[in-house]
Amino acid sequence: MGAPLWTAAAAWGVLFIANAQRIDVVPFFNDLRAVYHVDYAGVGGLLSAYLLGYVLAQIPAGLAADNTPARRVTVAGLACMTVTSAVFAFTGRYVPALALRFLMGLSGAALYSSTVKLMLGIARNRGAAMGVLQSGAGAGMVAGFFLMPLMSGWTGIPGAFLALSAATAAVLAAGAVWLPAGAPARGGAEPAHRQIGGIAGQPTFIALSGSVFLALFSAYGITAWLPTYLANVFGFSRTAAGGLAAVVNVALLAASPIAGNLSDRIGARAPVILTGFGVLVASFALLAGVRSTAGVAVSTVLAGTGLALTLPVLTTLTTELFGIHRAGVAVSLNLAVGQVASTISGVLFGYVLDATRSFTLVWLLGLAIALLGFVPALALRRAEYSARLAAAASAAR
């Protein structure tokens, strides 16, 4: 991979925390409905509030990562996340909880693009490096889905949230010491609107962001609502439901380095991304068509594998098509569009469930969205092929 072990460990920890903090409310949806006296759309709003803050701060965070030392951005985000998540642990009213989740999302925006830029900037094999980082994201989701409800049995729900805040403080210390500083502040950089417009106006960006949008929109149909499905339909306990839902992220954790290495070996990212959308479609088809715990278990493995074949490879391709010097803005713009999908999905899937009381319709909606992902992914295959031809022609001169 080409990065020192301690640097890779610190970066892995940053993505672990970002994803654990994002998803940690999901296993407690039924409990939080009672605490805050809200419906499913209301508790879905706790997830969406984080994602809304995340998307609103994403572009400023990317600009900061490209125009200041990127480690400062990561460390600042971890410091804010530590404080806001600690306060959230003791919040008993819905509106303050919603506001704190929004602030946590703002903090989380500072973590991803800056850390990705730091790691891919020093890695020899970017696909493999991004796969390792994405495995940290998968491990964070496992912690949020499984370890948090397990811990809550010993400490109570506030104690579990507080423990995750303490883990965030530990990663903050590790990141401050072990992450590389990144490039110094750029003098005479273009105005922000030109940095953004130079990327967002390109057809390649539309294909990249469309792929991320549809992958995340469909994925949150599973990751956000599978624990509630298992509890309501199969009678699973909170811990058991979180444990089975965590299989999605165990598969993501295990398959991400393999997906990254595969894209490095074949020398192309788009075929891997297309395969990932096919696997996501199969996952939703199983959930919609097979009403059994065995079918759910297989579907979770497929969902995690599909995510591993799409998200980290899309991020790697983004840095390659736009260059590492613009990786902060490019990745952040891409994520901002994708997180709009995630923000909508938290409330939309909850609304569909409230209106129909049918999880089958939720899964069919996710399947349709995953199918749409083939459209921008095919456009990416053409863009990547054209970029390789241009690079070969330039090298031949």
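In this structure, OG in S256 is found 11.0 Å from CG in N261, a value given to the nearest 0.5 Å. For the atom pair CG of L287 and OG of S292, the computed distance is 10.0 Å after rounding to the nearest 0.5 Å. Here L32 contributes atom CG and I157 contributes atom CD1; the two are 6.0 Å apart, rounded to the nearest 0.5 Å. The line from OG1 of T7 to CD1 of I122 is 5.5 Å long, rounded to the nearest 0.5 Å. Rounding to the nearest 0.5 Å gives a distance of 12.0 Å between CZ of R93 and NE2 of H37. Atom OH in Y50 sits 11.5 Å away from atom CG in L103 (nearest 0.5 Å).
Between the side chain of T318 and the main chain of V331, no donor-acceptor pair closer than 3.5 Å is present. Between the S165 side chain and the T82 main chain, a donor and an acceptor come within less than 3.5 Å of each other. At distances below 3.5 Å, at least one donor-acceptor pair connects side-chain atoms of T168 with backbone N or O atoms of L164. Judged purely by atom type and a 3.5 angstrom limit, S299 uses its side chain to pair as donor or acceptor with the backbone of S283. Side-chain N or O atoms of S218 include none that pairs as donor or acceptor with a backbone N or O of G366 at under 3.5 Å. Within the 3.5 Å criterion, the main-chain N or O of Q58 finds a donor-acceptor partner in the side chain of S332. Between the R265 side chain and the G260 main chain, no donor and acceptor come within less than 3.5 Å of each other. Under a 3.5 Å cut-off, the side chain of E384 and the backbone N or O of R269 do form a donor-acceptor pair.
Residues F28 and V35 form no side-chain contact, since every pair of their non-hydrogen atoms from C-beta on lies 4.5 Å or further apart. Contact check for L380 versus L314: side-chain heavy atoms found under the 4.5 Å cut-off. I23 has its side chain within reach of L47: a pair of non-hydrogen atoms, C-beta onward, lies under 4.5 Å apart. Annotation: side chain of F234 is in contact with side chain of T293 (closest heavy-atom distance under 4.5 Å). Contact annotation: the side chain of S263 never approaches that of T316 to less than 4.5 Å [non-hydrogen atoms, C-beta and beyond]. Looking at heavy atoms from C-beta onward, V177 lies out of side-chain contact with W6 at the 4.5 angstrom threshold. A heavy-atom distance below 4.5 Å is not found between the side chains of L333 and S209. Here the side chains of L317 and V313 are not in contact, with every heavy-atom distance at 4.5 Å or above.
D31 meets the salt bridge (charged side-chain N to carboxylate O under 4.0 Å, His left out) test with R238; sequence neighbours excluded.
For the residue pair Y229 and R291, the shortest heavy atom distance occurs at OH-CG, 4.3 Å. Between L111 and A18, the closest heavy-atom pair is CD1-CB, 3.8 Å. When all heavy atoms of I196 and V329 are compared, the closest pair comes out as CA-CG1, 4.3 Å. The two residues V26 and P227 come nearest to each other via the heavy atoms CG1-CG, 3.9 Å. For P158 against A89, the heavy-atom pair with the smallest separation is CB-O, 3.2 Å. Nearest heavy-atom pair across A11 and M119 is CB-CG, 3.4 Å.
Within the structure, ring-ring contact (aromatic ring centres under 6.0 Å, His included) pairs that include any residue of residues 257-276 do not occur (at least two apart or interchain).
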**OP:** For side chain to side chain contact (heavy atoms under 4.5 Å, CB included), just list the numbers for V250 and L253, CA-CA rounded to whole Å, side-chain angles, deciding distance to a tenth of an Å, and then say yes or no.
**Re:** CA-CA 5 Å; V250 172; L253 186 160; 5.5 Å; no
**OP:** Could you walk me through whether F102 and L98 pass the side chain to side chain contact (heavy atoms under 4.5 Å, CB included) test, one step at a time?
**Re:** CA-CA 6 Å; F102 175 78; L98 209 60; over 6 Å; no
Original post:
Would V14 and V171 count as a side chain to side chain contact (heavy atoms under 4.5 Å, CB included) if you check the C-alpha gap in whole Å, the side-chain angles of each, and the deciding distance to 0.1 Å?
Top reply: CA-CA 7 Å; V14 173; V171 173; 4.0 Å; yes
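Classification of the F322-F205 ring pair by plane angle, with boundaries at 30° and 60°, yields perpendicular. Relative orientation of the W225 and Y40 rings is perpendicular, given thresholds of 30° and 60° on the angle between their planes.
Both F374 and L365 belong to a common hydrophobic cluster when Ile, Leu, Val, Met, Phe, Trp and Tyr are linked at side-chain heavy-atom distances under 4.5 angstrom. Hydrophobic clustering places L100 together with I17 (ILVMFWY residues linked when any side-chain heavy atoms are closer than 4.5 Å, directly or through intermediates). F359 is connected to V298 through a chain of hydrophobic side-chain contacts under 4.5 Å among Ile, Leu, Val, Met, Phe, Trp and Tyr, so both are in one cluster. By the criterion of side-chain heavy atoms lying less than 4.5 angstrom apart, applied directly or through intervening Ile, Leu, Val, Met, Phe, Trp or Tyr residues, L280 is grouped together with L367 in one hydrophobic cluster. In terms of hydrophobic clustering, with Ile, Leu, Val, Met, Phe, Trp and Tyr side chains grouped at heavy-atom distances under 4.5 Å, V375 and L214 are assigned to different clusters.
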For a quick test of your reading: what N or O donor-acceptor pairs under 3.5 Å do the side chains of residues 126-149 make, sequence neighbours left out?
unit_1, atom_1, unit_2, atom_2, d
R126, NE, L120, O, 3.3
S135, OG, W12, NE1, 3.1
S135, OG, V132, O, 2.5

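The six-membered or imidazole ring of Y112 lies away from that of Y54, with a centre-to-centre distance of 6.0 Å or more.
None of T74, D66, T319 except one satisfies the side chain to side chain donor-acceptor pair (under 3.5 Å) rule with K117; the exception is D66.
Remark: R381 CZ is loosely packed, at most 12 non-hydrogen atoms of other residues, nucleotides or ligands lying under 6.0 Å away.
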